Each structure stands twice: as C-alpha cells, then as structure tokens.
Amino acid sequence: MYGELLPVGGGDPIPLLKETLLVGRRESCDIVLRFSNVSSHHCELFIRSGFWYVRDMNSRNGVKVNGNRVTEKRVDPGDILWVAKHAYEVKYAPVDLGAVGPPPPEVSEEKIFGQSLLERAGLEGRRSARQKPIPTDRERPQRFDISKDEPGKLKQGRISDEPI
C-alpha cells in the first residue's frame with residue numbers, strides 16, 4: 001500500500017494500492033466515487049520521485065489541493081485533496097516510496113509560462129547582453145503616414161503609441 005485517502009468528516013479510508021490511480025464515477029476507475037458531481041474520469045493520482053501528484057482530467061467540478069484549484073500539483077502528506085466537493089486528507093510516507101532528500105520544488109504555471117526556455121535553464125537573464133536597450137522617444141525611428149487630409153501625400157512623423 002502506497003498510502004491512503006481519509007475522508008474529511010469521517011468515513012472509511014481509501015487505500016492507494018498502485019502507483020497510478022484513476023479517480024472517478026465509472027466502475028472502471030481504480031477509485032470509484034459514486035457522487036453525481038464527480039466526473040466519470042475526474043482525476044489521476046500518480047507517484048513521481050516518491051511523492052503523490054494529482055492531475056485533473058478536465059473534470060466539470062475540478063480538483064483542489066488545500067483549497068486551491070489545480071490542473072496538476074504535488075500532494076504532500078497531510079494535504080487536503082478535493083475531488084469536486086468531497087475532501088480527503090492524503091496520508092503517506094514519502095520515504096517509504098523511495099524518495100531521497102527534500103521534495104522536488106513546486107513551479108507555478110505563471111512562472112513557467114512567463115519565462116523562455118533559456119531563462120528557465122538559467123542560461124539567459126531577463127534581458128540578454130546582446131539585446132539592445134529599448135529606445136527613447138528621441139531615438140525611435142521615423143515613420144511615414146498617408147495624410148488623411150491630403151490623399152496621396154506622405155506625412156512624416158514620429159512613432160506614437162496610438163493605434164494606426
């Protein structure tokens with residue numbers, strides 16, 4: 001056994017018997033939750049580096065860890081896992097699962113999508129040394145617009161922040 005889910009508010013513990021478990025309302029799921037607000041394939045629990053993770057399977061009512069809605073997240077021992085409106089305390093010992101050292105770091109989606117691959121790998125700062133600084137208004141290149149007042153005549157001006 002790899003741990004268990006303890007229903008918050010009482011109930012029988014649900015054993016975590018395999019390293020990957022499908023949770024949902026269908027009888028074919030590894031953990032069957034017979035509630036109308038639980039999707040047929042609601043979420044997946046799996047072990048990575050000795051720690052349990054949860055992945056939402058595009059469920060209608062979502063998955064939360066400690067009250068925060070997630071699409072995929074590590075679930076540490078003692079965390080509260082919400083499957084739709086049903087809460088379970090997660091109990092397991094990471095050491096028993098072969099984990100060595102501290103848990104792997106959590107990385108938020110905002111941080112992942114807000115950086116380039118080179119920045120995440122530590123190979124490039126926010127602005128590369130090769131990248132030119134942003135020009136000031138005086139250094140911005142000139143542009144030519146067709147005058148609205150005099151069709152066919154070009155009008156010279158500076159680039160502005162106004163939409164064209």
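The first residue in the sequence is number 1, and the count goes up from there. Bear in mind that the values here come from a model prediction, so they are computed numbers and not experimental data.
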Contact check, side chains of [X] and [Y], non-hydrogen atoms, under 4.5 Å:
X     : Y     : answer
Tyr88 : Ile80 : no
Asp30 : Val23 : no
Ser28 : His41 : yes

Checklist entry - When the ring planes of His86 and Phe35 are compared, do they come out parallel, tilted or perpendicular, using 30° and 60° as the limits? => result parallel
Checklist entry - Using the ring of each side chain (for Trp, its six-membered ring), is Phe46 parallel, tilted or perpendicular to Tyr53, with breaks at 30° and 60°? => result parallel
Flag, side chain of [X] to backbone of [Y], donor-acceptor distance under 3.5 Å:
X     : Y     : answer
Asp56 : Gly62 : no
Tyr92 : Trp52 : yes
Arg25 : Val38 : yes
Ser39 : Arg60 : yes
Asp79 : Val65 : no
Trp82 : Asn68 : no

Checklist entry - Run the side chain to side chain contact (heavy atoms under 4.5 Å, CB included) check on Val63 and His42 step by step: do they pass? => result CA-CA 8 Å; Val63 175; His42 200 95; 3.8 Å; yes
Item to check | Test log, rule side chain to side chain contact (heavy atoms under 4.5 Å, CB included), inputs Val83 and Leu33 | outcome: CA-CA 9 Å; Val83 178; Leu33 300 177; 3.8 Å; yes
Item to check | For Leu17 against Tyr2, the heavy-atom pair lying closest together | outcome: O-CE1, 3.5 Å
Next on the checklist: Tell me the closest heavy-atom pair linking Arg26 and Val32, and the distance in Å.
Outcome noted: O-CG2, 3.4 Å
Look up atom [atom1] in [X] and atom [atom2] in [Y], then write down how far apart they are to the nearest 0.5 Å.
X     : Y     : atom1 : atom2 : value
Ile31 : Leu5  : CD1   : CG    : 5.0 Å
Leu45 : Leu81 : CG    : CG    : 6.0 Å
Ile47 : Leu16 : CD1   : CG    : 8.0 Å
Glu4  : Asp12 : CD    : CG    : 10.5 Å
Leu21 : Cys29 : CG    : SG    : 10.5 Å
Met57 : Ser40 : CE    : OG    : 9.5 Å

Next on the checklist: In this structure, would Val90 and Leu22 fall into the same cluster of hydrophobic residues linked by side-chain contacts under 4.5 Å?
Outcome noted: no
Item to check | Glu44/Arg55 salt bridge by N-O under 4.0 Å criterion | outcome: yes
Checklist entry - Is Glu72 salt-bridged to Arg48, cutoff N-O under 4.0 Å? => result yes
